[in-house]
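Residue numbers start at 1 and run along the sequence shown.
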Amino acid sequence: MRKPPIHKSFWNAITGAVWMLRSERNFQIEVLALIINLLLIVYLKVTELEAALILVVSFSVLSLEILNTCVEKICDIIQPDFDERIKIIKDMAAGSVFLMAMASVVVGVLIYSKYLF
């Protein structure tokens, strides 16, 4: 199979991100958190290193949410009926998002606390 041209690859990636934004509530919430973080970065004038760390953890949460959704969709295709093994796989994928979200909260508290208190 031939690789698509680079512009087509970018378009496919954007299409996937837009689908997530339109379809997945958790992704929408996480994008809202990213927007709030962007506003806080500008308003509080955090350092470049702090801004970079906030953006890395924010985009990591979004990326893991996309991967989690992929795992869930694949599992639903493989086994449409309830299966305890599929449940465990889905729970583990969701757990990865949860752990990164908790890490991002910790990073946010550590960085923003010195600007807000």
Practice task
Just grab all the side-chain hydrogen bond (donor to acceptor under 3.5 Å, both in side chains) pairs involving residues 36-47, residues at least two apart or on different chains.
Solution key: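 Sorted result for residues 36-47: N37-Y112, T47-E50.
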Per-pair distances, 0.1 Å, donor-acceptor, side chain in residues 95-106, under 3.5 Å, sequence neighbours excluded:
from : atom 1 : to   : atom 2 : distance (Å)
S96  : OG     : A93  : O      : 2.6
S104 : OG     : A101 : O      : 2.6

Exercise for the section: Could you please spell out the steps behind the side-chain contact (heavy atoms from CB on, under 4.5 Å) verdict for L38 and L34? Expected result: CA-CA 6 Å; L38 290 171; L34 171 63; 4.3 Å; yes
Inter-residue atom distance [X].[atom1] - [Y].[atom2], 0.5 Å rounding:
X	Y	atom1	atom2	value
R25	I29	CZ	CD1	5.5 Å
S9	W11	OG	CH2	13.5 Å
I41	I111	CD1	CD1	8.0 Å
I35	E30	CD1	CD	12.5 Å

Joint cluster assignment, [X] & [Y], ILVMFWY side-chain distance < 4.5 Å:
X	Y	result
V109	F117	no
L110	L49	no
V107	L116	yes

Only pairs under 3.5 Å count here: list side-chain donor-acceptor contacts from residues 53-71, not counting sequence neighbours, and write none if there are none.
from : atom 1 : to  : atom 2 : distance (Å)
S58  : OG     : I54 : O      : 2.8
S60  : OG     : V56 : O      : 2.7
S63  : OG     : F59 : O      : 2.9
N68  : OD1    : A94 : N      : 3.1
T69  : OG1    : E65 : O      : 3.0

Handout entry: Shared-cluster residues of I88, by chain and number - hydrophobic side chains joined below 4.5 Å
Key =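 In the cluster with I88 are M92.
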Handout entry: Connected hydrophobic set around V18, excluding itself, where side chains approach under 4.5 Å
Key =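 Taking Ile, Leu, Val, Met, Phe, Trp and Tyr as members, V18 shares its hydrophobic cluster with I14.
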Handout entry: Neighbour count >12 (heavy atoms, 6.0 Å) for atom CD, E84
Key =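 Correct, the count exceeds 12.
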Contacts table for residues 73-83: side-chain donor-acceptor under 3.5 angstrom, sequence neighbours left out:
from : atom 1 : to  : atom 2 : distance (Å)
D76  : OD1    : K90 : NZ     : 2.5
Q79  : OE1    : D81 : N      : 3.3
D83  : OD1    : R85 : N      : 2.7
D83  : OD1    : R85 : NE     : 3.2
D83  : OD2    : R85 : NH2    : 2.8

